[in-house]
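Only one structure is covered here, and it is reproduced in the block below.
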Amino acid sequence: MTFGTLKTLSPIMTPKTFFTPGPSALYFTVEDHMKQALKEQIPSISHRSKAFESIYAECVENLKQLLQVPAHVHIFFTGSATEIWERIIQNCVEKESYHLVNGAFSARFHETALELGRKAEKTAAPYGRCVKQEHIRIPETAELIAFTQNETSTGAAQPLEDIYATKRKYPEKLVAVDVVSTLPYINLNHDIIDTSFFSVQKGFGLPAGLGVWIVNEKCIEKAKSLQEKGYSIGSYHTLPALLDKGKKNQTPETPNILGIYLLAKVCGDMLRKGIDTIRKETDYKAAVLYHAINQHHAFTPFVSDSAYQSKTVIVANTQTDSLEFIQKLKEKNMHIGSGYGSYKNSQIRIANFPAHSKEQVEMLADEIAGL
Ligand SMILES: *Cc1c(COP(=O)(O)O)cnc(C)c1O
């Protein structure tokens with residue numbers, strides 16, 4: 001068979017657009033960077049080489065610039081955000097953590113602390129809501145407060161001011177913020193909170209398999225003090241081990257070199273586009289999507305209080321089986337997410353990440369209107 005006949009046999013394919021909340025659409029420059037990486041044989045270079053060190057340095061530098069992370073705050077690489085839940089508890093909590101829970105991801109962070117043998121208390125909000133700042137009461141004995149700024153399972157987002165006010169009220173406690181499905185959109189103040197983290201397959205539009213952990217000196221000090229007291233804080237991915245290797249632009253293990261390379265490049269592209277433009281476009285696209293949901297006869301936003309509605313993960317209740325709507329959009333090559341867990345058949349979830357162009361979102365909104 002020649003290429004000519006193959007071409008005539010295959011239908012003309014419109015590429016799919018993934019509006020799923022993770023993995024999601026790849027940022028539009030990823031394909032070219034991936035090709036370049038293969039041409040340069042990046043996946044084969046040693047993680048102890050100068051070439052890797054310079055990729056690592058470029059990645060950290062671009063991330064710091066894009067996310068306005070101050071020079072004295074550290075950035076480390078792990079396998080995933082799930083890993084970072086575990087590492088935060090191991091390195092920053094001797095006995096007790098406190099969790100704001102309002103969905104499946106924040107609940108899993110809380111469970112992780114329990115599984116690691118910590119006393120982990122929580123305040124839970126009904127799904128679709130957040131705990132109101134004035135209702136947040138943290139016990140004297142809790143060492144760390146865990147927020148999930150954007151609950152990917154429900155589309156409820158905790159206003160940053162709530163997180164900052166909590167830190168002001170409990171300045172001696174460490175504050176950890178899960179920003180997996182909200183960065184780079186959210187403008188987090190890394191001088192106020194102590195640690196935050198994300199995986200790259202959501203807002204950064206990259207293949208999964210890389211976690212990014214942003215950590216201040218107080219977290220490092222806490223990890224060292226636990227180590228000195230004789231506690232286990234893990235093995236290869238302890239904060240002191242990450243710091244020690246990080247100073248040389250290296251990682252303790254053989255990392256996802258291709259992932260770090262792609263993240264460096266995509267952050268560079270986002271810097272050239274401008275973070276303010278990315279944020280404004282996200283606001284615009286979110287308005288288009290919420291409008292489409294509000295106008296639709298069968299849809300209502302799951303998060304009813306607009307002060308808590310996520311701009312990056314938009315969740316709607318559907319009057320009838322959501323899978324029908326999802327299927328109809330799939331036939332138009334638009335892939336949106338189902339509800340999470342028990343909401344599978346009664347909700348839809350739509351990601352609004354920097355990889356989703358204004359045009360793609362407008363086309364999706366038009367299709368929603370026709371459902
Ligand atoms: C996806 C997600 C995680 C877990 O990310 P992994 O890459 O699967 O480890 C954690 N928290 C939130 C809010 C998420 O959306």
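Throughout, residue positions are numbered sequentially from 1 according to the sequence presented. Numbering of ligands and ligand atoms starts at 1, following listing order.
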Below 4.0 angstrom, N of the basic side chain to O of the carboxylate: do [X] and [Y] qualify?
X: E362; Y: K358; result: no
X: K265; Y: E58; result: yes
X: R129; Y: E151; result: no
X: K229; Y: E94; result: yes
X: K311; Y: D283; result: yes

Can a non-hydrogen atom of [X] be found less than 4.0 Å from any atom of ligand 1?
X: W85; value: yes
X: N150; value: yes
X: E151; value: no
X: E83; value: no

Aromatic plane relationship, H110 with H99 - under 30° parallel, 30 to 60° tilted, over 60° perpendicular: perpendicular
Quick test of your reading of the structure: of I84, D178, T148, whose heavy atom lies closest to atom 12 (C) of ligand 1? D178
Worked verdict on F325 versus F299 for ring pair (Phe, Tyr, Trp, His ring centres under 6.0 Å): CA-CA 11 Å; F325 300 113; F299 298 161; 4.9 Å; yes
Proximal ligand 1 atoms for K202, defined as those under 4.0 Å from one of its heavy atoms: 1 (C), 2 (C), 3 (C), 14 (C), 15 (O)
Check ligand 1 against T152 and write out every atom of the ligand that is under 4.0 Å from a heavy-atom position of the residue. 12 (C), 13 (C), 14 (C), 15 (O)
Taking atom 5 (O) of ligand 1 as the reference point, the nearest protein heavy atom with its distance: S199 OG, 3.3 Å
For ligand 1, is any non-hydrogen atom under 4.0 Å from [X]'s backbone (N, CA, C, O), its side chain (CB onward), both, or neither?
X: A81; answer: both
X: R108; answer: neither
X: T82; answer: both

V180 to ligand 1: N or O pair under 3.5 Å? no
K119, E96, K95 screened by side chain to side chain donor-acceptor pair (under 3.5 Å) with T141, the one that passes: E96
